[in-house]
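Just below is one structure, and these are the notes that go with it.
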Amino acid sequence: MRRELRQQRARVPVAARARAAERATAVLARTRAWRVARHVGIYLACGSELPTDPLIRLALRDGKRLYVPRIGAQGSMRFLAWRPGAAMRRNQHGIDEPRRAPMRPWRELDLIIVPLVGFDRSGYRLGAGGGYYDRLFARRHATRPTCLGWALAQQQIPAVPRDPWDRRLDGIVTERGVVWPIG
Ligand SMILES: Nc1nc2c(c(=O)[nH]1)N(C=O)[C@@H](CNc1ccc(C(=O)N[C@@H](CCC(=O)O)C(=O)O)cc1)CN2
Ligand SMILES: Nc1ncnc2c1ncn2[C@@H]1O[C@H](COP(=O)(O)OP(=O)(O)OP(=O)(O)O)[C@@H](O)[C@H]1O
């Protein structure tokens, strides 16, 4: 299913993905979660993922602090401060990560923009398959960031297979609007 969804996404022309990312950025800009956020976790898109560059431009314009994930041993993941031009290193999955930067505990982020391969209307997500975001989300804290998926509307599927540890996203931002989980 993951592979099928990825292939479907890869068939969307680059220009259409770029346009969708612009629209999704406009959608996100209108949300309360965005307006109140100061510290925002994002990802640097690779392959056929919905680009985040217009979102990064908006963040810089709005004076947000940005953080990018870096994966570590035993499936761990941390968010490191990032700005355009920061020194990067490519990880084993071909994704650029900050080389050296201050880390911010994930529970002290206000908003996290989450990559995904598929999602459903209940807010469950199918990710890249590493379980990195799942393991973060499964932690229990008194406060937690708002977690919003970032996806093409066509990545919505009827039902994502659920694991016992899966947590719902707070919403999924697409070029057609935000999908707020129901059911
Ligand atoms: N741009 C981006 N950055 C990200 C993520 C992401 O999904 N997108 N991640 C989100 O977690 C983390 C990295 N996670 C990854 C997890 C697994 C694989 C991976 O194993 N890919 C396999 C295919 C696995 C499969 O399909 O089962 C491969 O490289 O071929 C890659 C990245 C952190 N940074
Ligand atoms: N909270 C957890 N506790 C234990 N194992 C976990 C947890 N979350 C994920 N895993 C492990 O990670 C593996 C990958 O999980 P899954 O396929 O759901 O990843 P994903 O959500 O698609 O990936 P990602 O979050 O990296 O985008 C699972 O097989 C599982 O063993």
Side-chain angles (χ1 to χ4, degrees), residues 21 24-46 49-72 74-84 86 91 93 95-98 101-152 155-156 160 162-174 177-182:
T25 299
V27 166
L28 177 67
R30 286 193 295 270
T31 65
R32 180 181 151 74
W34 179 260
R35 286 197 303 270
V36 302
R38 244 184 82 65
H39 300 276
V40 181
I42 55 159
Y43 68 91
L44 303 179
C46 70
E49 288 178 331
L50 183 60
T52 49
D53 11 337
L55 163 62
I56 290 169
R57 284 196 295 276
L58 173 72
L60 297 172
R61 215 156 51 223
D62 288 353
K64 314 281 190 203
R65 301 274 187 131
L66 291 176
Y67 302 82
V68 163
R70 184 162 91 190
I71 57 178
Q74 277 124 40
S76 66
M77 182 168 78
R78 307 175 118 185
F79 282 91
L80 304 189
W82 179 88
R83 56 180 71 199
N91 71 17
H93 301 298
I95 302 171
D96 282 336
E97 302 182 329
M103 189 266 293
R104 191 171 179 91
W106 92 285
R107 62 177 185 281
E108 291 176 23
L109 297 175
D110 304 310
L111 172 65
I112 299 184
I113 302 298
V114 183
L116 56 83
V117 174
F119 68 94
D120 65 25
R121 62 189 221 126
S122 301
Y124 288 97
R125 83 180 256 280
L126 187 70
Y132 292 101
Y133 283 90
D134 287 353
R135 272 183 295 267
L136 274 189
F137 297 165
R139 296 201 208 150
R140 313 221 160 249
H141 297 292
T143 62
R144 40 189 298 123
T146 301
C147 297
L148 296 178
W150 187 250
L152 292 166
Q155 287 174 256
Q156 182 165 356
V160 170
R162 295 178 195 176
D163 288 314
W165 55 77
D166 277 349
R167 301 278 308 248
R168 299 163 185 243
L169 293 165
D170 296 298
I172 300 93
V173 180
T174 79
V178 185
V179 176
W180 299 109
I182 40 164

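The basis for the numbers below is simple: all heavy atoms, side chains too, and nothing from hydrogens, waters or symmetry mates. None of these values were measured; they are calculated from a predicted model.
In this structure, the side chains of Glu97 and Leu80 stay at 4.5 Å or more apart for every pair of heavy atoms. Taking the side chain as every heavy atom from C-beta outward, Arg70 and Asn91 never approach each other to under 4.5 Å. Considering only heavy atoms from C-beta on, Trp150 comes within 4.5 Å of Leu28 through its side chain. Side-chain contact between Phe79 and Leu136 is present, with at least one heavy-atom pair separated by less than 4.5 Å. In this structure, the side chains of Ile56 and Leu66 come closer than 4.5 Å at one or more pairs of heavy atoms. Residues His93 and Ile71 have side chains in contact (heavy-atom distance under 4.5 Å, counting atoms from C-beta outward). Residues Thr174 and Val27 have side chains not in contact (no heavy-atom distance under 4.5 Å, counting atoms from C-beta outward). Proximity of Trp106 to Arg144: side-chain heavy atoms (C-beta onward) are separated by under 4.5 Å at one or more points.
Looking at Asp134 and Arg125, a side-chain N of the basic residue comes within less than 4.0 Å of a carboxylate O on the acidic one, giving a salt bridge.
The 12-atom threshold is not exceeded at CZ of Arg83, counting heavy atoms of other residues, nucleotides or ligands nearer than 6.0 Å. Around CZ of Arg139, the count of heavy atoms belonging to other residues, nucleotides or ligands within 6.0 Å exceeds 12. More than 12 heavy-atom neighbours from other residues, nucleotides or ligands sit within 6.0 angstrom of CZ on Arg104.
Cation-pi geometry between Arg135 and Tyr132 is met: under 6.0 angstrom from the ring centre, within 45 degrees of the axis.
Closest heavy-atom contact between Arg140 and Arg167: NH1-NH1, 3.5 Å.
The side-chain hydrogen bond (donor to acceptor under 3.5 Å, both in side chains) analysis of residues 50-60, with sequence neighbours excluded, yields the pairs Glu22-Arg57.
Under the side-chain contact (heavy atoms from CB on, under 4.5 Å) rule, Tyr124 has a single partner from Asp163, Leu116, Leu169, Asp166, which is Asp166.
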